[in-house]
Colleague: 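Pasting a structure here, questions to come.
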Amino acid sequence: MEQHLYEPVHDEFRALCRAFLAREAVPHHERWEADGIVDREVWRRAGAAGLLGMDVPEEYGGGGQRDFRFNAVLVEEVVAAGCSGLGFGLHNDVVAPYLTDLGTEEQRRRWLPGFCSGDLVTAIAMSEPGAGSDLAGIRTTAVRDGDAYVLNGQKTFITNGELADLVVVAVLTAADRGAHGVSLVVVERGTPGFARGRRLAKVGLKANDTAELFFDDCRVPAENLLGIENKGFYHLMGNLPRERLGIAVAAVAAAERLLAVTVEYARSRQAFGQSIGAFQHNRFLLAELDTEITIARTFLNHCVAEFGAGRLSAVDAAKVKWWTTELQNRVADRCVQLHGGYGYMLEYPVAKAWLDGRVQTIYGGTTEIMKEIIGRELGL
């Protein structure tokens, strides 16, 4: 189906992304999966290729393109290449707005050039052992002490956690005020009292480093406060729609890739003297998946366009996030089944995609939280 979303300049960028991934990521990804982390150098090469900080102003080393469609193209191509270890999406789609929109001039000049070059890998630390989707339940504290904040607490499930040089940490600066006492503080690599725990063993996304972070009397300069003190919860809420939109982009791209792989398999795999795609049940199932994915793509493209126009609401972001990620998992499950025993073998891309995609309905806000947001908007 004609998308009517991307323009020729985006197609050119897509070709750049595809060539970069084929050259710099695909040949190494199996090793990265075994290692549990990607090579640091791939970040620097991505920066040199212009794949980091596309919407960061040019004066700080970015691409200067305030157009989320470039971010969407990169996410789609990373998914299509099967390079699930690359944490570029979190870097570009989640952390970038915090640094560009909330950062002071001094902070932007200090951090953004390295952000765009790949010399500074970033992460955001919200989840804790006792607080996931409920951001108001965080317990990590930051107490002002002269010209610094002293952090104490723990974060978990942090994507890019091991490689990250800059971590945007959600902390309590007014512990008695709950969500109204949350602030954002940037912690830099090497800060005394900042330590990383074990590399977490996950079901999927094995090449993407995910870590625990610990803060033990971690003294962070007061000038590393990002945004306004005690307004961090509102800063987070303001940026979550973009994060959820990015997750939806990956979900639809994954569903499209899974369908394409499975249709090809259904054409070539023989059973009882005919291709398995010739059986009416299988043909109807693939027709249903194709239709649902087309509907998801149509809504996703609408949401991307709305975001570009500054009109994407938190409710619509919740809708596109939960619907597309649940669809991704449903498509993955059906495609594994259609592959039979081969679908359970990791040498087939459908098996890896099935494992990698399961977390999509969890991070960025669970499906249940998304429905809660929508339900409240309905006045329920």
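Because the structure is predicted, anything quoted here is derived from the model rather than measured.
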Colleague: Salt bridge or not between R311 and E306? Use side-chain N to carboxylate O under 4.0 Å.
Modeller: yes
Colleague: Do Y149 and E229 pair up side chain to side chain, a donor and an acceptor below 3.5 Å, judged on atom types alone?
Modeller: yes
Colleague: Can you tell me how the ring of H302 sits relative to the ring of F299, calling it parallel under 30°, perpendicular over 60° and tilted otherwise?
Modeller: parallel
Colleague: Verify the ring-centre separation between F194 and F215: is it less than 6.0 angstrom?
Modeller: yes
Colleague: Would you indicate whether the side-chain heavy atoms of I158 and T210 approach each other to under 4.5 Å?
Modeller: no
Colleague: Take Q270 and S275 through the test side chain to side chain donor-acceptor pair (under 3.5 Å) and record every step on the way to the result.
Modeller: CA-CA 4 Å; Q270 296 289 309; S275 69; 5.0 Å; no
Colleague: Counting neighbours of CZ on R23 that are heavy atoms of other residues, nucleotides or ligands and sit closer than 6.0 Å, is the number greater than 12?
Modeller: yes
Colleague: Rounded to the nearest 0.5 Å, what separates atom CD1 in I293 from atom OG1 in T298?
Modeller: 11.5 Å
Colleague: What orientation do Y348 and Y265 show, parallel under 30°, tilted 30 to 60°, or perpendicular over 60°?
Modeller: perpendicular
Colleague: Hey, does F68 have a side-chain heavy atom less than 4.5 Å from the side chain of D55?
Modeller: no
Colleague: Quick test of your reading of the model: are D39 and R31 salt-bridged, counting only N-O distances below 4.0 Å?
Modeller: yes
Colleague: For F279, does the CZ atom have more than 12 heavy-atom neighbours from other residues, nucleotides or ligands under 6.0 Å away?
Modeller: yes
Colleague: Other hydrophobic cluster members with V150, side-chain heavy atoms of Ile/Leu/Val/Met/Phe/Trp/Tyr under 4.5 Å, chained?
Modeller: none
Colleague: Sequence neighbours excluded, which residues qualify as salt bridge (charged side-chain N to carboxylate O under 4.0 Å, His left out) partners of D356?
Modeller: K352
Colleague: Do you know which of I228, V168, L226 makes side-chain contact (heavy atoms from CB on, under 4.5 Å) with H235?
Modeller: I228
Colleague: Between R108 and E105, does at least one N-O distance fall below 4.0 Å, as a salt bridge requires?
Modeller: yes
Colleague: Take E77 and R18 through the test salt bridge (Lys or Arg N to Asp or Glu O under 4.0 Å) and record every step on the way to the result.
Modeller: CA-CA 6 Å; E77 289 305 310; R18 192 169 296 177; 2.8 Å; yes
Colleague: Are the side chains of K155 and E212 in touch, meaning some heavy atoms are under 4.5 Å apart?
Modeller: no
Colleague: Count the heavy atoms belonging to other residues, nucleotides or ligands that lie under 6.0 Å from NZ of K231, then report whether that count exceeds 12.
Modeller: no
Colleague: Indicate, with yes or no, if the rings of H10 and F70 have centres closer together than 6.0 Å.
Modeller: yes
Colleague: Ignoring hydrogens and angles, tell me if any N or O in the side chain of S183 forms a donor-acceptor pair with the backbone of N230 under 3.5 Å.
Modeller: yes
Colleague: Please check if the distance between the ring centroids of W43 and F88 is under 6.0 Å.
Modeller: yes
Colleague: Is the shortest heavy-atom distance from the side chain of N329 to the side chain of R358 under 4.5 Å?
Modeller: yes
Colleague: With side chain to side chain donor-acceptor pair (under 3.5 Å) as the criterion, how do E128 and T140 come out once you've worked through the C-alpha distance, each side chain's angles and the decisive distance to 0.1 Å?
Modeller: CA-CA 8 Å; E128 298 182 2; T140 298; 2.9 Å; yes
Colleague: Is R330 positioned over the aromatic face of W323, cation under 6.0 angstrom from the ring centre and no more than 45 degrees off axis?
Modeller: yes
Colleague: Using the rule given for salt bridge (Lys or Arg N to Asp or Glu O under 4.0 Å), can you reason through K371 versus E368, listing the C-alpha separation, both sets of side-chain angles and the distance that settles it, and then say yes or no?
Modeller: CA-CA 5 Å; K371 292 179 180 179; E368 292 73 22; over 6 Å; no
Colleague: Kindly say whether V320 contributes a backbone atom to a donor-acceptor pair with the side chain of T324 at under 3.5 angstrom?
Modeller: yes
Colleague: In terms of side-chain geometry, is the basic nitrogen of R219 or D147 positioned less than 4.0 Å from the acidic oxygen of its partner?
Modeller: yes
Colleague: With a 4.5 Å limit on heavy-atom distance, are the side chains of V336 and D333 in contact?
Modeller: no
Colleague: Does E292 reach the main-chain N or O of A287 with its side chain, forming a donor-acceptor pair under 3.5 Å?
Modeller: no
Colleague: Would you indicate whether E223, at its atom CD, is surrounded by more than 12 heavy atoms from other residues, nucleotides or ligands within a distance under 6.0 Å?
Modeller: yes
Colleague: Might you confirm whether atom CD of E30 has over 12 heavy atoms from other residues, nucleotides or ligands at distances under 6.0 Å?
Modeller: no
Colleague: Ignoring hydrogens and angles, tell me if any N or O in the side chain of R109 forms a donor-acceptor pair with the backbone of Y60 under 3.5 Å.
Modeller: no
Colleague: Going by heavy atoms in the side chains, are N71 and E76 under 4.5 Å from each other?
Modeller: no
Colleague: Between R45 and E41, does any NZ, NE, NH1 or NH2 come within less than 4.0 Å of an OD or OE carboxylate oxygen?
Modeller: yes
Colleague: Is R110 paired with D165 through a side-chain N to carboxylate O contact shorter than 4.0 Å?
Modeller: no
Colleague: Just say parallel, tilted or perpendicular for the rings of F115 and H91, cut-offs at 30° and 60°.
Modeller: parallel
Colleague: Decide yes or no on side-chain contact (heavy atoms from CB on, under 4.5 Å) for M126 and L236, but give the supporting numbers first.
Modeller: CA-CA 9 Å; M126 293 184 278; L236 291 167; 3.5 Å; yes
Colleague: Write down the atom of G364, the atom of I247, and the distance for their closest heavy-atom approach.
Modeller: CA-CD1, 3.8 Å
Colleague: Does the side chain of R334 reach to within under 4.5 Å of the side chain of L289, using non-hydrogen atoms?
Modeller: yes
Colleague: Mark yes or no for whether K321, through its side chain, and Q360, through its backbone, hold a donor-acceptor pair below 3.5 Å.
Modeller: yes
Colleague: Scan side-chain atoms only and decide if N152 and T141 contain a donor-acceptor pair under the 3.5 Å cut-off.
Modeller: no
Colleague: Is R44 salt-bridged to D119, cutoff N-O under 4.0 Å?
Modeller: yes
Colleague: Please examine the side chains of F13 and M54, heavy atoms only from C-beta on, and report whether any two atoms are closer than 4.5 Å.
Modeller: yes
